[in-house]
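Presented below is the structure to which this report refers.
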Amino acid sequence: MLEKKYNHLEVEQGKYESWKSNGLFDSGKNNGKPFCIVIPPPNVTGKLHLGHAWDTTIQDIMIRYKRIQGFDALWVPGMDHAGIATQAKVDKKLREEGIDPRSMDRADWLKVAWDWKKEYAENIHKQWAKLGLSLDYNKERFTLDEGLSKAVRTVFVRLYEEGLIYRGERMINWDPLAKTALSNEEVIYKDVEGAFYHIKYPLVGSDEYLDIATTRPETMFGDTAVAVNPSDERYQKYIGKKVILPLVNREIPIVGDEHADPDKGTGCVKITPCHDMNDYEVGLRHNLEKIVVINPDGTMNENALGYQGLDRFDAREKLVQELEEKGYLLKIEKIIHSVGHSERTDVMVEPYLSKQWFVKMHPLADKVLENQKNKNTKVKFLPARYEKIMNHWMEITYDWCISRQLWWGHQIPAWYKDDQVYVGMKAPEEEGWVQDGDVLDTWFSSALWPFSTLGWPDITEDFKKFYPTSVLVTGYDIIPFWVNRMTFQGLHFTGQRPFEYCYIHGLIRDKEGRKMSKSLGNGVDPMDVIEEYGADALRYYLSTSTAPGTDLRYDEEKVKSTWNFINKIWNASRFVLMNIEDLESESLEDLTMADKWILTRLEMTIKNVTKYMDKYEFQNVNAVLYKFIWEDYCDQYIEMAKFAMDNVSTKSTLRYTLIAILKMLHPFMPFVTDEIYKQIPLVCDDITTSDYPMIDKSLIFSDEERQVNDQIEFMRVFRNKKAELQLTKEYKVYLKNNVDYDMISKMLKWDGHITLEKLEAKAYEVSYREYEVILYDEHEETEEDKEKRQKEINTLKQSIEKREKLLANEAFVKKAPASLVEQEKEKLKSEKKKLEQLEGE
RNA sequence: GGGCGUUUAGCUCAGUUGGUUAGAGCAUCUGCCUUACAAGCAGAGGGUCUGCGGUUCGAGUCCGUAAACGCCCACCA
């Protein structure tokens with residue numbers, strides 16, 4: 001028998017391990033149609049946050065729904081090695097231990113990193129278990145494991161052979177802290193306070209000078225030109241002339257280039273080809289000299305004269321001082337401008353000229369754009385609007401810098417010997433070849449996740465059966481990093497979309513709508529929530545609180561009320577189990593009106609829930625289920641059933657409906673439904689792998705359903721009247737007609753209140769449809785009643801006095817919104833009326 | 001500069017292909033310890049669906065427009 005109160009800790013204890021050891025999550029156990037989701041692999045850098053809980057719960061609901069429907073459901077677990085993020089954390093740990101990570105041998109460092117991975121992976125496994133995720137651990141993968149490495153090398157080699165991967169010297173985004181190249185997607189632009197430093201660049205052989213405004217004066221050592229717009233009448237005349245670079249005393253040319261915008265700054269712009277993306281292009285156009293002035297670690301190099309060795313920001317400060325002292329500084333103009341920061345280390349990225357590996361994007365992106373035109377083969381986004389985000393990215397994309405100067409990742413399968421380059425699956429046999437020391441961008445391997453986890457490049461049984469996968473679930477912030485890349489890689493290498501549907505959810509925010517972040521300290525650990533309210537409550541809350549694609553404001557109160565809902569289900573189940581213990585076999589013959597009513601409602605519920613589940617509209621599933629369970633099943637049907645407990649049909653209906661409810665809830669709240677289901681008499685299967693409720697047309701009784709609806713509505717009207725008259729015991733009911741009042745009279749406890757003749761007492765007509773009665777008020781006022789009434793009169797009088805005063809206040813009547821005044825008048829009127837009534841009685 | 005989203009009860013949010021009286025949770029008010037549940041039951045109050053215009057027999061829903069807030073992309077000497 002169930003405990004009196006729902007105790008999530010007890011219910012959830014040990015369940016996951018038992019599910020897992022009984023193989024309930026394993027794929028390949030039935031002959032159903034394949035349904036497959038690959039988990040977005042969490043980074044092995046830390047613990048899961050609420051966003052993960054949300055993301056994985058949605059997937060678990062989909063998987064459990066399909067599994068219970070008889071699909072061969074496969075949910076592939078796995079984790080991401082998360083290159084920069086993990087390396088940064090491992091390095092930090094080493095530094096805290098007093099070890100300089102870069103002085104270590106690469107192999108030794110990797111050992112430390114793998115230990116880290118092991119520890120954190122274990123953590124994540126524990127959290128997945130707490131959340132109740134029905135992952136098939138037989139298929140678990142890691143982005144750095146053997147099979148996935150093979151997939152990565154295969155893709156690299158093929159793209160190289162196809163001319164879609166190349167190595168070249170380009171301007172890239174450089175992270176001076178992690179000392180690695182970044183892709184454009186890894187650069188986060190932030191508004192920061194800065195300044196326009198106006199610097200005097202004297203013209204050669206003249207007293208004139210150009211006013212150059214720059215936000216980065218420290219790069220001036222690398223200036224190799226000044227550009228003005230050829231159409232800018234102010235400066236046209238200087239094109240071809242030269243200026244002297246202050247302090248450096250180097251002569252640099254003034255060039256005419258469209259890049260110079262007459263409306264920006266002063267209209268003349270210094271050109272630093274090695275430290276600015278646009279300047280690099282200008283440099284190429286005008287064949288300018290390239291001078292690097294900043295080291296990979298963000299300090300100034302030997303070209304920066306006396307500033308060598310100084311950090312770029314310290315150098316800026318000192319340089320500005322020197323410029324001022326020497327009279328070159330015209331003015332400093334404070335501005336707010338947006339500056340690129342590294343996504344992982346948060347330091348300002350440095351545009352940097354370096355030799356890196358790139359993926360040529362346009363041929364790959366064009367394939368996606370082409371494929372999205374075909375309704376049958378495209379990736380279908382839910383909500384559909386997110387398709388535009390992907391398509392736009394495909395249109396404007398540029399070559400993807402994939403090499404990273406890190407140790408943690410897939411080492412690039414390229415070997416060098418003198419001037420030769422070899423790209424292949426294995427090192428060349430011949431001696432003297434040295435492998436590229438760089439690794440690939442983490443997203444390069446993540447991009448292959450939907451097929452590499454299924455065994456590709458080998459055409460395995462799993463790959464044949466489950467690819468393309470059914471749905472991918474992720475947040476909209478991950479579309480550029482991951483969804484887009486999986487899509488073009490999937491199309492290119494498998495000829496198919498990697499997933500049929502892409503379900504996009506929003507971000508978790510705090511109650512005030514702010515992003516949850518470490519710096520704000522407003523993060524919520526899902527494990528704490530589970531401890532307090534249970535995984536079922538958290539899961540149900542997260543999955544049903546918003547429509548797809550929109551952000552979710554985390555509100556603990558709502559988790560609490562979800563807990564209440566589960567407690568309600570628990571107690572209803574408890575009642576049912578207490579009453580059907582002796583049921584020998586289920587029989588849905590000889591049904592009562594109430595039985596027919598709830599069964600009809602159940603069929604409608606199954607229909608709607610299935611419809612919404614199929615569309616993954618979980619918030620709508622909740623609306624339907626919550627109402628059915630709480631209002632129809634608990635508040636109405638169970639109350640009615642209490643009068644028919646010796647009925648086998650009623651017991652059977654209670655059981656039949658409860659089972660359907662539990663199965664519909666199971667994908668959302670696996671723990672509690674499993675616990676209750678196990679205890680239902682005559683049940684001997686596992687709810688996880690049982691079967692989903694199906695509509696049974698023989699259990700739809702429209703006439704009875706309508707009739708009971710009318711009875712319920714009548715009871716509501718009657719109770720209403722009773723409450724209004726504050727009647728408790730002293731009343732009589734006269735039935736005006738001969739219709740069936742049996743259930744009504746039981747539910748309203750009319751026993752002893754029914755009169756067969758009309759009375760002289762105060763009478764009120766109460767009716768709904770065919771149900772018509774007269775309610776006689778026989779209530780005589782007691783001392784207690786009088787006191788109560790007097791108290792009410794007093795508070796009413798006080799309120800009236802206050803309101804009259806307010807309305808007498810001319811300022812209020814004049815200045816306050818007319819509607820408010822009107823409202824106050826209305827209130828006053830009704831209060832006076834009520835007072836009259838009370839005093840008259 | 002280009003694009004997208006949001007705006008519905010005091011708060012947080014649902015609202016399907018346009019269709020009776022726009023819903024829920026929490027909060028508020030009234031009355032109940034009725035043996036499944038007081039973390040509950042029976043009721044009540046609370047909305048010009050951001051403003052304006054249009055299409056329609058009918059608009060929270062479709063179209064146009066304005067505003068506020070938020071996001072994405074691009075640019076930012």
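In what follows, every chain begins at residue 1, and chains take the letters A, B, ... in the order their sequences are listed. Values in this document were obtained by computation on a predicted structure and should not be read as measured data.
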Requested in this report: Starting from P on B/rU35, measure out to NZ on A/Lys4 and report it in whole angstrom.
Outcome: 10 Å
Query raised in the report: Counting only side-chain N and O atoms of A/Asn720, is one of them less than 4.0 Å from OP1 or OP2 of B/rA42?
Result: no
Report task. Grab the CE-C1' distance between A/Met640 and B/rA36 for me, whole Å please. Result -> 17 Å
Query raised in the report: Just wondering, do A/Ile566 and A/Tyr533 contact through their side chains at under 4.5 Å, heavy atoms?
Result: no
Report summary line: Of the listed B/rC71, B/rG25, B/rA39, the closest approach to the A/Ser561 side chain comes from B/rG25
Query raised in the report: OP1 or OP2 of B/rC41 sitting under 4.0 Å from any side-chain N/O of A/Trp630?
Result: yes
Query raised in the report: If you check the A/Asn567 side chain, which of B/rA39, B/rA42, B/rA36 turns out closest?
Result: B/rA39
**Report entry** Residues A/Asp582 and A/Lys651 bridged, charged N to O under 4.0 Å
**Finding:** yes
Query raised in the report: Looking only at atom P, what distance separates B/rC75 and B/rC69, rounded to whole Å?
Result: 26 Å
Query raised in the report: With respect to the phosphate group of B/rA42, does any side-chain polar atom (N or O) of A/Arg719 fall under 4.0 Å of OP1 or OP2?
Result: no
**Report entry** Spacing between A/Lys190 atom NZ and B/rC75 atom P, to the nearest angstrom
**Finding:** 19 Å
Query - Presence of salt bridge, A/Glu258 and A/Arg285, under 4.0 angstrom - result: no
Report task. Could you work out which one of B/rG43, B/rC75, B/rA36 sits closest to the side chain of A/Lys264? Result -> B/rC75
Query raised in the report: In whole angstrom, what separates A/Tyr554's OH from B/rC26's P?
Result: 16 Å
Report task. Using a strict cut-off of less than 4.0 Å between a Lys/Arg side-chain nitrogen and an Asp/Glu carboxylate oxygen, indicate whether A/Arg234 and A/Asp232 qualify as a salt bridge. Result -> yes
Report summary line: A/Arg716 has its side chain closest, among B/rA39, B/rA44, B/rG25, to B/rA44
Report summary line: Here the distance between atom P of B/rC73 and atom CG of A/Asn484, to the nearest Å, is 11 Å
**Report entry** Interatomic distance where CD belongs to A/Glu281 and P belongs to B/rC75 [whole Å]
**Finding:** 12 Å
Report task. Starting at atom CD of A/Glu639, determine the distance to atom C1' of B/rA42, rounded to an integer number of angstrom. Result -> 11 Å
Query raised in the report: Does the side chain of A/Tyr235 reach to within under 4.5 Å of the side chain of A/Leu210, using non-hydrogen atoms?
Result: yes
Query raised in the report: Which parts of nucleotides 2-20 of chain B does protein reach within less than 4.0 Å, heavy atoms only, written one letter per nucleotide 5' to 3' as B for base, S for sugar-phosphate only and - for none?
Result: --SS------BSSSB----
**Report entry** Main-chain N/O of A/Thr272 paired with A/Asp276 side-chain donor or acceptor, under 3.5 Å
**Finding:** no
**Report entry** Same-atom distance (P) from B/rC71 to B/rU56, integer angstrom
**Finding:** 40 Å
Query raised in the report: With rounding to whole Å, what would you report as the distance between B/rA22 and B/rA44 at their P atoms?
Result: 15 Å
Requested in this report: Sticking with atom P, work out how far B/rG54 lies from B/rC73, rounded to a whole angstrom.
Outcome: 39 Å
Query raised in the report: Taking NZ, NE, NH1 and NH2 as the nitrogens, is one of them in A/Arg216 or A/Glu218 under 4.0 Å from a carboxylate oxygen of the other?
Result: yes
Requested in this report: Would you mind telling me which of B/rC73, B/rC37, B/rG43 lies closest to the side-chain atoms of A/Lys568?
Outcome: B/rC37
Query raised in the report: For A/Tyr476 and A/Asp551, does a side-chain donor sit closer than 3.5 Å to a side-chain acceptor?
Result: yes
Query - Interatomic distance at C1', B/rC76 relative to B/rC4, whole Å - result: 22 Å
Query - C1' gap between B/rA9 and B/rU28, integer Å - result: 12 Å
Requested in this report: For B/rC32 versus B/rA24, give the span between their P atoms, rounded off to a whole number of Å.
Outcome: 25 Å
Query raised in the report: In whole Å, what is the span from the NZ atom of A/Lys642 to the P atom of B/rC41?
Result: 11 Å
Query raised in the report: Taking the side chain of A/Asn278 as heavy atoms from C-beta outward, which of B/rC37, B/rC75, B/rG40 is closest to it?
Result: B/rC75
